[in-house]
Amino acid sequence: MSKKPLRKTVGDLMSTVLVSLRQTDRVSTAAREMTLSAIRHLPVVDEKGHLVGLVSSTDVVAAVGHKADAEIGTIMARDLYTVRRDSPAERAAATMIDQKLNALPVVGAGGELVGIITATDFLVVAYQALTG
């Protein structure tokens with residue numbers, strides 16, 4: 001008997017409790033937030049909550065030694081892949097695999113940040129599927 005594939009949306013898996021930054025926040029602030037929240041990606045938003053960038057722990061570690069006082073806007077990724085809440089989860093997973101991404105910001109119709117989906121979110125699904 002073959003199993004039917006899971007039909008989940010990004011909204012079923014994403015995190016909605018978010019820590020985000022502004023472009024003018026300092027690299028040292030990002031390092032502190034990542035450590036306190038035990039996260040590896042921080043979305044960067046403008047004053048209206050629209051996604052403008054993403055900073056990873058790799059970006060922060062690379063900058064901390066010589067740019068700890070630099071603004072996040074100088075190290076963040078700006079050309080981002082994003083996904084919508086109602087997108088099929090398998091499409092988000094495929095994008096992450098194809099582009100070698102560990103996180104995808106989730107945006108609403110107006111570009112506002114509504115969540116983030118990470119490789120860890122997919123590992124939880126895999127673990128649940130493997131353990132029943």
Side-chain angles (χ1 to χ4, degrees):
M1 177 197 292
S2 73
K3 287 187 170 184
K4 287 186 175 183
L6 295 173
R7 293 290 174 208
K8 298 220 179 251
T9 66
V10 167
D12 294 328
L13 306 178
M14 71 183 192
S15 299
T16 57
V17 177
L18 301 172
V19 177
S20 62
L21 299 171
R22 300 288 176 105
Q23 292 185 68
T24 55
D25 287 332
R26 304 289 176 204
V27 169
S28 57
T29 302
R32 183 179 65 245
E33 291 296 336
M34 286 178 168
T35 300
L36 291 174
S37 300
I39 55 177
R40 296 185 310 257
H41 300 88
L42 287 169
V44 182
V45 297
D46 65 14
E47 62 281 347
K48 294 181 180 177
H50 295 108
L51 180 70
V52 296
L54 185 71
V55 65
S56 72
S57 57
T58 304
D59 301 328
V60 171
V61 167
V64 160
H66 60 285
K67 290 185 177 178
D69 286 335
E71 292 184 352
I72 286 299
T74 65
I75 68 162
M76 71 181 190
R78 295 173 187 272
D79 189 20
L80 303 175
Y81 288 88
T82 62
V83 68
R84 300 286 291 274
R85 176 190 311 256
D86 59 351
S87 298
E90 65 268 19
R91 189 175 332 144
T95 298
M96 291 172 72
I97 291 166
D98 292 345
Q99 301 303 318
K100 296 179 177 33
L101 302 171
N102 289 311
L104 279 174
V106 183
V107 295
E112 68 280 5
L113 179 68
V114 297
I116 192 165
I117 189 162
T118 68
T120 301
D121 296 323
F122 286 108
L123 283 173
V124 169
V125 171
Y127 176 77
Q128 290 169 343
L130 291 168
T131 59

Answer yes or no: does atom OH of Tyr81 have more than 12 heavy-atom neighbours from other residues, nucleotides or ligands under 6.0 Å?
no
Is it the case that one hydrophobic cluster holds both Ile117 and Leu80, taking links as side-chain heavy atoms less than 4.5 Å apart, direct or via other members?
no
CG of Leu54 to OG1 of Thr82, rounded to nearest 0.5 Å, is 11.0 Å
Taken in chain and number order and not counting sequence neighbours, the residues that satisfy salt bridge (Lys or Arg N to Asp or Glu O under 4.0 Å) with Glu112 are none
Looking only at atom types and distance, does a side-chain atom of Asp98 sit under 3.5 Å from a main-chain N or O of Thr95, one as donor and one as acceptor?
no
When rounded to the nearest 0.5 angstrom, what distance separates CG in Asn102 from NE2 in His41?
5.0 Å
Shortest non-hydrogen separation from Ala30 to Leu42 and the atoms involved:
O-CD1, 3.8 Å
Apply the test side chain to side chain contact (heavy atoms under 4.5 Å, CB included) to residues Val83 and Arg91: give CA-CA distance (whole Å), side-chain angles for both, the deciding distance (0.1 Å), then the verdict.
CA-CA 9 Å; Val83 68; Arg91 189 175 332 144; over 6 Å; no
Within one Ile-Leu-Val-Met-Phe-Trp-Tyr cluster: Leu104 and Val52, side-chain cutoff 4.5 Å:
no
Smallest heavy-atom separation, Val44 atom then Arg22 atom, equals CG1-C, 3.7 Å
Expected output: side-chain Arg40 to main-chain Thr58 donor-acceptor under 3.5 Å:
no
For residues Ile72 and Leu21, report the shortest heavy-atom separation together with the two atoms involved.
CG1-CD1, 3.8 Å
Exam field: side chain Arg78 to backbone Gly53, donor-acceptor pair closer than 3.5 Å
no
What do the steps show when you test Ile39 against Thr118 for side chain to side chain contact (heavy atoms under 4.5 Å, CB included), and what is the final call?
CA-CA 10 Å; Ile39 55 177; Thr118 68; over 6 Å; no
Are Met34 and Met76 connected in a single hydrophobic cluster, I mean Ile/Leu/Val/Met/Phe/Trp/Tyr linked by side-chain heavy atoms less than 4.5 Å apart?
yes
d(Ser37 OG, Arg32 CZ) to nearest 0.5 Å is 10.5 Å
Atom CE of Met14 and atom NZ of Lys8: how far apart are they, to the nearest 0.5 Å?
13.5 Å
Heavy-atom nearest pair, Leu13 first then Val125, reads CD2-CG2, 3.4 Å
Do Val55 and Val64 land in one hydrophobic cluster if side-chain heavy atoms of ILVMFWY residues count as linked below 4.5 Å?
yes
Would you kindly say whether Ser56 and Asp59 are connected by a side-chain donor-acceptor distance under 3.5 Å?
yes
Does some side-chain heavy atom of Arg84 sit less than 4.5 Å from a side-chain heavy atom of Val107?
yes
Hydrophobic clusters here meaning ILVMFWY residues chained together by side-chain heavy-atom distances under 4.5 Å, can you tell me if Leu101 and Val106 are in one?
yes
To the nearest 0.5 Å, what is the distance between CG on Asp69 and OG1 on Thr29?
9.0 Å
Distance check, rounded to the nearest 0.5 Å: Glu33 atom CD versus Ser28 atom OG?
10.5 Å
Scanning both residues in full, the closest heavy-atom pair of Val27 with Ala63 reads CG1-CB, 4.0 Å
Measure across Val10 and Pro88 and return the closest heavy-atom pair with its distance rounded to 0.1 Å.
CG2-O, 4.2 Å
Is the shortest distance from a Lys or Arg side-chain nitrogen in Arg7 or Glu90 to a carboxylate oxygen in the other one below 4.0 Å?
yes
